[in-house]
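Naming: A, B, ... by sequence-line order, numbering from 1 per chain.
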Protein chains: 2
Amino acid sequence: MIKKSTLEKVISEDLAEIWAILTSDEKRRVVDNFVIHNFKKNQIIYAENEEPEFLWCLLKGKVKMFKDGIGGRQQILRLYRPIQYFGYRAYFAKEPYVSSAAAFEISTLGAIPMTLVKELIDGNKNLAWFFIHELSKHLGGSDTKIVNLTQKHIRGRLAEALTLLIDNYGFEDDTETLKIYMAREDIANLSNMTTSNAIRTLSSFVSEGIIIVDGRRIKVINEPLLRKISKFG
Amino acid sequence: MIKKSTLEKVISEDLAEIWAILTSDEKRRVVDNFVIHNFKKNQIIYAENEEPEFLWCLLKGKVKMFKDGIGGRQQILRLYRPIQYFGYRAYFAKEPYVSSAAAFEISTLGAIPMTLVKELIDGNKNLAWFFIHELSKHLGGSDTKIVNLTQKHIRGRLAEALTLLIDNYGFEDDTETLKIYMAREDIANLSNMTTSNAIRTLSSFVSEGIIIVDGRRIKVINEPLLRKISKFG
DNA sequence: ATACAGCAATGCTATAAAACACAAAATTAT
DNA sequence: ATAATTTTGTGTTTTATAGCATTGCTGTAT
């Protein structure tokens with residue numbers, strides 16, 4: 001927990017999209033029930049099969065949503081950056097979580113009880129529309145991902161994962177170094193391949209001059225080609 | 001178009017879930033804007049990249065929602081039965097369709113303009129909750145499908161497809177013949193495999209006494225085993 | 001300095017599934 | 001009924017990718 005005086009400021013600055021929707025009365029109710037949590041690298045935020053209780057708002061850091069599959073093989077479903085919301089779907093569907101969430105790096109999150117979110121939606125149709133829109137976007141993305149992961153070949157899947165990282169987290173000030181530093185295993189889990197193949201295919205991309213790799217630092221040299229491989233590979 | 005006198009009866013009987021939510025005034029607005037369409041076998045209802053205009057309500061028949069992928073390979077994303085709604089996601093996401101819908105067999109559908117649906121949601125929070133719940137369920141299903149299709153082996157994927165057909169359409173009166181008669185190609189498109197492999201694997205299931213196949217008629221003999229293969233295979 | 005642990009990289013092998021080719025059967029059209 | 005077309009079934013070949021083993025590299029603790 002951080003102290004209350006700074007809390008309201010943090011919230012009002014960061015909750016942005018949702019904040020603009022709420023009335024001052026509703027905002028107070030959020031502030032009164034907003035609890036800040038800090039998570040260490042790789043710490044689980046919630047796990048599959050648990051009952052959903054909170055709307056999570058990522059304030060700082062990076063979060064992955066994933067599903068453990070056959071033989072412990074993990075599939076990363078979505079990545080979150082500040083300020084984004086997650087953890088609400090299962091509550092709305094009236095079922096336990098079907099996926100887990102974990103912090104990729106040291107992260108700060110806010111938790112709002114879903115019971116409160118439900119009340120707020122009941123009283124504010126703009127908030128209802130916010131979630132309808134959010135869920136609809138994610139559903140479209142998920143449907144598209146099904147085809148990408150099942151039909152694209154390994155190069156296409158890796159290229160797609162890299163473009164996803166670009167679109168989600170962007171570049172450092174040099175405009176070419178990816179602003180996320182993932183283990184090869186996580187890159188593999190994002191692209192539905194084994195770690196070996198993620199490494200192998202990254203190497204191919206390096207030798208083709210598409211990227212430069214230095215440990216976990218990935219520089220994108222030929223972004224148009226990367227997107228082309230993602231699209232047609 | 002069918003004649004108006006029977007129309008209201010059809011709607012009130014069939015729209016069930018949504019109908020119960022609406023006030024009599026709202027119901028009248030739906031009836032006034034509800035247009036019945038008949039579709040032939042394999043006829044497209046809407047196609048990827050088109051702009052969404054209508055909420056579709058399947059009254060009679062069977063509908064598949066699918067996405068065309070690499071090399072024209074089709075992935076079936078969801079199947080609908082009466083009375084279910086679809087076609088609204090893209091409108092809510094404010095984007096063109098990312099998938100297509102087609103009738104599996106001769107089907108009757110009702111179309112309601114999304115502009116009207118939007119107005120109804122604005123005025124009726126229960127309807128908002130209906131869609132939040134619906135979208136949330138589908139998103140969970142889609143995320144689960146990603147892992148099932150990418151990580152399960154061919155037998156597991158086919159077994160899963162068959163159990164999906166059981167759960168969606170059930171059995172004929174003999175309690176073992178599947179109430180849907182799909183082409184092998186469609187079974188393949190549902191299970192992310194080639195037609196050859198769908199045929200081959202169906203044959204394996206036959207020789208293992210799990211199912212009996214007679215043309216497009218599939219009898220499920222050992223449902224528990226089928227579900228077991230679906231879960232662990 | 002040394003040992004150790006954890007990643008990253010790479011080659012080799014096994015195998016699941018796709019691609020291809022063709023025949024038989026069933027459906028549809030004439 | 002006959003021809004034409006589509007769907008189904010099966011065997012063979014090819015390929016992509018998983019699995020495994022090995023090695024080197026880097027950082028950290030002893």
Nearest-angstrom distance from the residue atom CG of Asp214(B) to C1' of dG9(D):
15 Å
Nearest 0.5 angstrom please: Lys145(B) NZ to Lys152(B) NZ, how far?
10.0 Å
Salt bridge or not for Lys219(A) and Glu172(A), using N-O below 4.0 Å?
no
Could you state the atom-to-atom distance from CE of Met182(B) to C1' of dT8(D) in whole Å?
15 Å
Let's go through Glu105(B) and Lys40(B) carefully: what are the C-alpha distance in whole Å and the side-chain angles of both, what is the deciding distance for salt bridge (charged side-chain N to carboxylate O under 4.0 Å, His left out) to 0.1 Å, and is it a yes or a no?
CA-CA 6 Å; Glu105(B) 49 185 65; Lys40(B) 284 175 263 180; over 6 Å; no
Rounded to whole Å, please give me the gap between CD1 in Ile187(B) and P in dT7(D).
14 Å
Value for CG (Leu109(A)) from CH2 (Trp56(A)), rounded to nearest 0.5 Å, stands at 6.5 Å
Considering the options Asn189(B), Asn42(B), Asp186(B), which one meets the side chain to side chain donor-acceptor pair (under 3.5 Å) requirement together with Lys64(B)?
Asp186(B)
Contact boundaries on DNA chain C for chain B, cut-off under 4.0 Å to non-hydrogen atoms
dA17(C) to dC20(C)
May I ask you to verify if any side-chain N or O of Ser203(B) is less than 4.0 angstrom from the OP1 or OP2 atom of dT10(D)?
yes
Looking at CD of Glu95(A) and CD of Glu51(A), how far apart are the two atoms once the value is rounded to the nearest 0.5 Å?
9.5 Å
Under 6.0 Å from the six-membered ring centre of Tyr169(B) and within 45° of its axis: does the NZ or CZ of Lys62(B) meet both?
yes
Gap between atom OH of Tyr88(B) and atom CD of Glu134(B) - 0.5 Å precision:
4.0 Å
Starting at the 5' end of nucleotides 12-19 of chain D, put B wherever the base has a protein heavy atom under 4.0 Å, S where only the sugar-phosphate does, and a dash everywhere else.
----SSBB
